[in-house]
Amino acid sequence: LQNNKNIKFDNSVGTPVGVMNFNASNELVIYNGNSPNGDILFKDGGPTGTTNLTIDGATGNATFAGDITADNITSTSNSGDASIYINSTRPTLGFTDTNSFSDANDIYLIRAGANILQFQYHDNSAASTTETFNITSTGNATFAGDITCGDDLFMPSGGVINFNSG
C-alpha cells in the first residue's frame, strides 16, 4: 500500500469509502470514511459478534468490553477533572508491590464508600480485609492504629487534643 492511498470498502449503499491508509509519516491511519462522526468498532466473530472495542467518532472516547492491561498509564491533561475517574457501585484502586509484599496476592485498597474515603489492607491468605484509616467528606480522619509524628505537631489556634477520652 502506497502512502496516502486508501484501502476502500463499500458502505451500506454500495459507495466505496476510504477506511485505511499509510500517511506521509508512514503512520497507519484507520478511520470511518463514511461519516465524519462515525464510530469504529472492533468485533470478534464477524459483523454480529461481540464488540470488544468501540472508538466514538465524535469524542474519541474508547470503550473496552474487557480488562485493560498496561505497563504504565499516563494522563497528560485533565483540565481540572480527575485524571483517572472510576464510576462504579464499588469504586476501588488496588496496589500490590510484587517486590516486597510477602504474598503477591495481598492488596492495599483505596475505596470510596458512603461519603468516606477508605484505606484498607486485604490479606489474601486470611481472606480478610481491614480498614487501616478513613477520611470522611467533612475532613475527619480515623486511624485504626497508632499515629507517629517524627517531629513537631502543630495545631491551629483554638485546637484541642483530648487524651484518654475514649
Side-chain angles (χ1 to χ4, degrees), residues 22-32 35-45 49-166:
F22 282 106
N23 65 18
S25 299
N26 290 318
E27 299 166 325
L28 176 63
V29 179
I30 300 172
Y31 55 95
N32 185 332
S35 170
N37 290 322
D39 295 347
I40 297 174
L41 308 178
F42 291 83
K43 293 180 167 256
D44 63 13
T50 302
T51 300
N52 296 314
L53 168 62
T54 300
I55 301 174
D56 186 298
T59 65
N61 293 339
T63 302
F64 294 82
D67 294 342
I68 299 170
T69 302
D71 288 335
N72 294 291
I73 297 175
T74 303
S75 173
T76 58
S77 174
N78 64 18
S79 304
D81 296 327
S83 295
I84 297 175
Y85 177 68
I86 301 173
N87 185 3
S88 165
T89 58
R90 191 173 177 254
T92 305
L93 286 174
F95 300 88
T96 298
D97 184 343
T98 56
N99 288 322
S100 60
F101 278 26
S102 58
D103 181 344
N105 294 312
D106 290 350
I107 306 171
Y108 209 94
L109 302 167
I110 301 174
R111 176 175 293 151
N115 297 320
I116 192 167
L117 180 62
Q118 301 167 306
F119 293 78
Q120 302 172 329
Y121 184 77
H122 175 75
D123 184 335
N124 185 66
S125 59
S128 66
T129 301
T130 303
E131 184 172 297
T132 56
F133 73 98
N134 68 55
I135 305 170
T136 67
S137 60
T138 60
N140 294 325
T142 302
F143 294 81
D146 296 339
I147 299 173
T148 301
C149 179
D151 197 357
D152 297 331
L153 177 63
F154 294 95
M155 297 199 42
S157 61
V160 176
I161 297 177
N162 292 319
F163 294 97
N164 299 320
S165 62

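For Ile107 against Gly94, the heavy-atom pair with the smallest separation is CG2-CA, 3.6 Å. Between Thr92 and Arg111, the shortest heavy-atom contact is OG1-NE, 3.1 Å. Closest heavy-atom contact between Pro91 and Thr89: CD-C, 3.7 Å. Taking each heavy atom of Asp152 and Cys149 in turn, the nearest pair found is O-SG, 3.2 Å.
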Practice prompt. Just do the side chain to side chain contact (heavy atoms under 4.5 Å, CB included) check on Asn140 and Ile135 with the steps written out, would you?
Written response: CA-CA 6 Å; Asn140 294 325; Ile135 305 170; over 6 Å; no

Discussion item. The test is side chain to side chain contact (heavy atoms under 4.5 Å, CB included); show your working for Phe95 and Asp97 and say whether it passes.
Written reply: CA-CA 7 Å; Phe95 300 88; Asp97 184 343; over 6 Å; no

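Taking OG of Ser137 as the reference point, atom CG of Leu117 lies at 10.5 Å (rounded to 0.5 Å). Atoms CD1 and CG, from Ile40 and Asp56 in turn, are 10.5 Å apart once rounded to the nearest 0.5 Å. A distance of 4.5 Å separates CD of Gln118 from CD of Glu131, quoted to the nearest 0.5 Å. To the nearest 0.5 Å, the span separating CG on Asp39 from OG1 on Thr54 amounts to 6.5 Å. Remark: Thr132 OG1 to Gln120 CD distance equals 8.0 Å, nearest 0.5 Å. With values rounded to the nearest 0.5 angstrom, Tyr108 atom OH is found 13.0 Å from Leu93 atom CG.
When side chains are defined from C-beta on, Phe119 does not count as touching Asn134, because their heavy atoms never get closer than 4.5 Å. Between Tyr121 and Asp123, some side-chain heavy-atom pair lies under the 4.5 Å cut-off.
Within the 3.5 Å criterion, the main-chain N or O of Asn105 finds no donor-acceptor partner in the side chain of Thr96. With hydrogens and angles ignored, the 3.5 Å screen pairs no side-chain donor or acceptor of Ser88 with any backbone N or O of Ile86.
Among Leu53, Thr51, Thr50, the single residue meeting the side chain to side chain contact (heavy atoms under 4.5 Å, CB included) criterion with Phe42 is Leu53.
A search for side-chain hydrogen bond (donor to acceptor under 3.5 Å, both in side chains) contacts involving Asp146 returns nothing, not counting sequence neighbours. The side-chain hydrogen bond (donor to acceptor under 3.5 Å, both in side chains) test applied to Asn115 returns no partner, not counting sequence neighbours. A search for side-chain hydrogen bond (donor to acceptor under 3.5 Å, both in side chains) contacts involving Thr136 returns Thr138, not counting sequence neighbours. In this view, Thr129 and His122 satisfy the side-chain hydrogen bond (donor to acceptor under 3.5 Å, both in side chains) rule, not counting sequence neighbours.
Residue pairs meeting the ring-ring contact (aromatic ring centres under 6.0 Å, His included) criterion with at least one member in residues 50-71: none, sequence neighbours excluded. Applying the side chain to side chain donor-acceptor pair (under 3.5 Å) rule to pairs touching residues 61-70 yields Thr59-Asn61, sequence neighbours excluded.
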